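Letters A, B, ... are given to chains in the order of the sequence lines, protein chains preceding strands, and every chain is numbered from 1. Keep in mind that this is a model prediction, so the values were computed, not measured.
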Amino acid sequence: MHPWNLSPAQARALQLELAARVERQDRLGPLRRVAGVDVGFEDGGAVTRAAVAVLDFPALTPAAQAVARVPTTFPYVPGLLSFREGPGVLAALGQLEALPDLLLCDGQGIAHPRRLGIASHLGVLLDVPSIGVGKSRLTGWHEAVGPEKGDWVPLWDRRGGSEVIGAVLRSRRGCLPLYISIGHRVSLATAIELVLACTPRYRLPETTRQAHRLASG
DNA sequence: GCGACAG
DNA sequence: ATCTTGTCGC
């Protein structure tokens with residue numbers, strides 16, 4: 001929303017401040033529209049293409065969409081993903097008539113070294129409920145997950161740790177699990193329920209799939 | 001010093 | 001993320 005052109009060190013310092021503003025309990029209003037946000041790149045990374053796909057909930061039918069193309073200004077640095085993809089996503093969201101009731105982001109929420117992955121970062125800046133849906137692990141440790149859809153195990157801050165920073169969820173049989181974590185204003189239990197409610201058939205939530213096709217393929 | 005490391 | 005065909009498994 002504001003400081004996007006920072007040095008890695010400044011970015012990390014900002015993350016610590018914003019992380020203190022993350023709300024880990026449910027604070028949701030009526031859930032009518034859920035949005036998936038995703039980012040792709042063009043020209044070898046020079047251009048960031050961000051997309052937002054809004055679906056009616058719980059029908060998961062198309063409601064609105066937006067795509068924004070902005071110059072890429074930050075490199076990919078593990079732990080600082082939001083500083084690379086955030087500007088584009090905000091531009092896309094700004095094209096919508098209204099903000100959705102919930103944001104499902106590609107990447108982590110608080111399952112992050114400083115507890116401020118892209119889902120939490122966007123959620124706090126916009127003060128909108130958000131959930132982190134990562135396809136792989138950034139940090140944390142977990143036991144093996146069961147094979148059935150809906151099976152999940154807690155994601156701990158570290159091996160032998162005591163802080164639960166997310167959930168490793170089997171969203172579909174025979175597929176790799178998803179890394180779910182609180183973004184902002186949504187508890188982990190609710191986050192798991194909502195992700196499953198948005199994932200009727202494939203590994204990824206329908207929201208994310210739609211956003212991905214707009215941003216890439 | 002070594003290994004790990006969202007998209 | 002992106003560059004890319006065929007191939008293995010439910």
In terms of relative ring orientation, are A:Phe83 and A:Trp4 parallel, tilted or perpendicular, with 30° and 60° separating the classes?
perpendicular
Looking across every strand, which nucleic acid part, if any, lies under 4.0 Å from A:Leu80 by heavy atom: base, sugar-phosphate, or nothing?
base
Quick one: do A:Arg213 and A:Asp38 make a salt bridge, cutoff under 4.0 Å?
no
Phosphate contact (C:dA1 OP1 or OP2) by A:Ser216 side-chain N/O below 4.0 Å
no
Tell me: CZ of A:Phe83 to C1' of B:dC5, nearest whole Å?
17 Å
With respect to the phosphate group of B:dG7, does any side-chain polar atom (N or O) of A:Lys135 fall under 4.0 Å of OP1 or OP2?
yes
Are A:His212 and B:dG7 close enough that a side-chain N or O sits under 4.0 Å from OP1 or OP2?
no
Could you tell me whether the phosphate oxygens of B:dA6, OP1 or OP2, come under 4.0 Å of any side-chain nitrogen or oxygen in A:Arg137?
no
A:His112 has an atom NE2; how far is it from atom P of B:dA6, in whole Å?
11 Å
Verify the stacking flag for A:Tyr76 against B:dG7: centroid separation must be under 5.5 angstrom and the ring planes must differ by under 30 degrees.
yes
Around A:Gln25, counting heavy atoms of other residues, nucleotides and ligands shown, do more than 12 lie under 6.0 Å from its CD?
no
Determine, step by step, whether A:Glu163 and A:Arg115 satisfy the salt bridge (Lys or Arg N to Asp or Glu O under 4.0 Å) criterion, reporting the C-alpha distance in whole Å, the side-chain angles of both residues, the deciding distance to 0.1 Å, and the verdict.
CA-CA 11 Å; A:Glu163 181 188 2; A:Arg115 308 294 180 265; 3.1 Å; yes
Would you kindly give the NE2-to-P distance between A:His121 and B:dG7, to the nearest whole Å?
18 Å
Run the salt bridge (Lys or Arg N to Asp or Glu O under 4.0 Å) test on A:Asp56 and A:Arg33 for me, step by step, so that the C-alpha distance in whole Å, both residues' side-chain angles and the decisive distance to 0.1 Å come before the verdict.
CA-CA 5 Å; A:Asp56 282 313; A:Arg33 291 186 160 186; 3.5 Å; yes
Note: for A:Gly174 and A:Asp38 on DNA chain C, the residue whose nearest nucleotide lies more 5' is A:Asp38
For A:Glu42 and C:dC3, what is the distance between atoms CD and P respectively, to the nearest whole Å?
10 Å
Calculate the interatomic distance between A:Leu138 atom CG and B:dA6 atom C1'; express it in whole Å.
5 Å
Which part of the nucleic acid, if any, lies within contact of A:Gly45, taking any heavy atom under 4.0 Å across all strands shown: a base, the sugar-phosphate backbone alone, or nothing?
nothing
Rounded to whole angstrom units, what separation is found between the CG atom of A:Asp43 and the P atom of C:dA1?
17 Å
Return the value, rounded to whole Å, for the distance between atom CD of A:Gln108 and atom C1' of B:dA6.
5 Å
Using a 4.0 Å heavy-atom cut-off, does A:Gly117 contact any base of the nucleic acid, only the sugar-phosphate backbone, or nothing at all?
base
